[in-house]
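Since the structure comes first, as structure tokens, the remarks are kept for the end.
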Amino acid sequence: MPTAIALVLIAALIGLSAASGGGSGAAKPAAKPAATPKPPPPADIATIERRVETIRGLRYKHPPVPSEVTPAQAQRDGLEDLDGTYPPARRHADEEVLKLLGLIEPRVDLRRVSGTLFGQGVAGYYDPRTKRLRVVKGVQTTNRVLNEITLAHELNHALEDQRFGLGLDGASGSDDASLAHLSLIEGTATALMLEYATRYLGPEQTLGGLFASLGQDTGSLPPFIEAQLVFPYTEGQRFVQALYRAGGGRWAVVDAALRFRPPASTEQVLHPDAYLHVEQPRTVRLHPQRVLGSGWRRLAHGTWGEWATGELLSDTAAAAGWGGDRYELWQRGRGACAAAPCADRDALIMRWRWDTRRDAREFTTALRAWAAARRGPLSLRSGHDGVTLVLAPSAGLARRLARGA
């Protein structure tokens with residue numbers, strides 16, 4: 001799937017950087033009004049490429065040539081790639097999981113949501129499969145700040161792809177490891193983008209560009225999907241900064257992560273020490289088929305992860321201490337359901353393991369509060385360092401799955 005930076009992210013990230021003066025502390029009031037400096041002319045692509053190389057400490061094998069596309073073309077490109085890398089059956093299964101958990105509304109269609117974002121909210125994108133780098137025509141291409149930082153962000157993707165390979169094949173979807181890997185990719189590009197703005201644009205020009213971009217339509221995203229979109233940029237940047245510091249203010253540890261060992265979980269992204277100490281997710285197994293019997297088929301499975309657990313509960317503290325998990329969605333019968341989610345035919349089994357018994361107890365308390373606010377049959381079972389949640393068509397089946405899966 002193309003790595004794309006959305007306008008809403010540019011505004012938020014650059015706003016944070018510029019408002020903090022690039023991390024140098026609070027600004028002092030001027031003794032007297034200063035004349036507004038004349039903005040420098042826009043940098044050409046060759047200059048931006050050289051600056052990206054300078055910041056990143058890498059060289060292009062062959063400098064990419066970006067081209068402009070219309071929002072309609074960006075939407076077509078995005079949906080074409082989405083359909084190729086995120087098959088409809090897998091996408092619908094992911095939708096079903098999110099709807100069963102109440103994280104998106106029953107009528108939400110992830111493809112339609114993605115199409116809205118690609119067409120209205122994307123400033124630029126780089127596709128590692130085709131090696132194409134695109135900047136979307138619009139306000140951002142006539143705004144020096146947004147144009148340059150968009151190019152810097154996407155040019156970093158192209159640079160790292162040439163030097164390391166981004167390795168994002170099959171990374172679409174909602175699995176935890178895919179989100180963690182994407183966080184490394186977007187985190188490096190975001191860190192570079194903010195450094196570019198600080199070094200070459202300055203706070204006044206940056207804030208001016210930010211204000212000029214306000215009010216752009218970036219599409220209507222469900223809160224969970226928006227949070228999932230933002231996570232690789234914001235938390236990915238913090239993760240990369242931690243690796244940069246661990247490397248003594250050099251990119252060596254980041255480069256090693258890109259080349260050899262991307263983060264294996266959002267736990268490692270949220271807690272960089274877990275990555276540096278190679279704390280891998282613990283294996284969790286489920287065997288629901290021995291309870292369900294014949295007539296059921298598995299639609300989805302994967303790892304939910306610490307980040308998504310915190311989002312589910314609206315409680316990041318309760319998700320801390322995550323050790324590993326697995327979820328599986330099973331459905332009885334075939335054919336389309338009358339309404340989404342297909343609660344009368346679905347069985348969703350989720351099991352978490354925790355670092356300590358205390359972590360498990362804290363999570364169980366938060367999960368019970370979440371379950372108390374829900375309607376429909378479910379079962380929650382905890383023991384030692386493991387906690388199991390089951391949503392099923394009947395309370396009896398939910399209990400049997402919680403005990404025997």
Provide the closest heavy-atom pair for [X] versus [Y] in the form atom of the first, atom of the second, distance.
X	Y	result
I225	L98	CD1-CD1, 4.2 Å
L401	A392	CD1-CB, 4.5 Å
A318	A366	CB-CB, 3.6 Å
Y60	L155	OH-O, 3.0 Å
A180	A264	CB-C, 4.2 Å
A158	L133	CB-CD1, 4.4 Å

Salt bridge check, [Y] against [X]: does any charged N sit closer than 4.0 Å to a carboxylate O?
X	Y	answer
R238	E235	yes
R111	D83	yes
E148	R51	yes

Test R326 against every option in H301, R353, R351, M350 by the side-chain contact (heavy atoms from CB on, under 4.5 Å) rule and name the one that passes.
H301

Indicate the ring-plane relationship of W304 and Y327, choosing parallel, tilted or perpendicular according to the 30° and 60° boundaries.
perpendicular

So H157 and H153, would you call those rings parallel, tilted or perpendicular, with 30° and 60° as cut-offs?
perpendicular

Does the side-chain contact (heavy atoms from CB on, under 4.5 Å) test come out yes or no for E311 and Q228, once each step is laid out?
CA-CA 9 Å; E311 290 295 309; Q228 190 177 54; over 6 Å; no

Can we call the ring centroids of W307 and F239 under 6.0 Å apart?
no

Listing request: all side-chain hydrogen bond (donor to acceptor under 3.5 Å, both in side chains) pairs with a residue in residues 275-286, at least two apart in sequence or in separate chains.
Q268-Q280, R282-D385

Between [X] and [Y], is any pair of side-chain heavy atoms under 4.5 Å apart?
X	Y	value
V240	L184	yes
L380	V387	yes
P281	W322	yes
T309	W352	yes
E160	N156	yes
D77	D127	no
V135	S67	no
L103	L312	yes

Can you tell me how far apart [atom1] ([X]) and [atom2] ([Y]) are? Round to the nearest 0.5 Å.
X	Y	atom1	atom2	answer
D81	R132	CG	CZ	8.0 Å
L397	L292	CG	CG	6.0 Å
Q241	T188	CD	OG1	12.0 Å
T266	H181	OG1	NE2	14.5 Å
D344	C337	CG	SG	6.5 Å
L146	T150	CG	OG1	6.0 Å

Donor-acceptor contact below 3.5 Å, side chain [X] vs main chain [Y]:
X	Y	answer
S314	G310	no
K99	I104	no
D161	L166	yes
R332	R345	no
E53	R59	no
E95	D109	no
K131	P128	yes

For the [atom1] atom on [X], are there more than 12 heavy atoms of other groups (residues, nucleotides or ligands in this structure) within a distance under 6.0 Å?
X	atom1	result
R358	CZ	no
E80	CD	no
R290	CZ	yes
R250	CZ	no

Could you check whether R56 makes a cation-pi contact with W251, meaning its NZ or CZ is under 6.0 Å from the centre of the six-membered ring and within 45° of the ring axis?
yes

Is the Lys NZ or Arg CZ of R134 less than 6.0 Å from the centre of Y125's six-membered ring, within 45° of the axis?
no

I'd like to know if the side chain of S178 pairs up with that of D175 as donor and acceptor (distance under 3.5 Å, no hydrogens or angles considered).
no

May I ask you to check whether R50 and T47 show a side-chain donor-acceptor distance below 3.5 Å?
yes

Residues in side-chain contact (heavy atoms from CB on, under 4.5 Å) with S183, at least two apart?
F231, P232, V269

Derivation and outcome, side-chain contact (heavy atoms from CB on, under 4.5 Å), residues Y86 and L110:
CA-CA 11 Å; Y86 198 10; L110 291 181; 4.3 Å; yes

Report the C-alpha separation of L329 and L100 in whole Å, then their side-chain angles, then the decisive distance to 0.1 Å, and conclude whether the side-chain contact (heavy atoms from CB on, under 4.5 Å) test is met.
CA-CA 10 Å; L329 173 66; L100 284 169; 3.7 Å; yes

Passes side-chain contact (heavy atoms from CB on, under 4.5 Å), D94 versus R91? Steps please.
CA-CA 5 Å; D94 285 346; R91 188 174 68 245; 5.7 Å; no

Give the C-alpha distance, both sets of side-chain angles, the deciding distance and a yes or no for side chain to side chain donor-acceptor pair (under 3.5 Å) between R361 and T364.
CA-CA 5 Å; R361 288 195 300 269; T364 301; over 6 Å; no

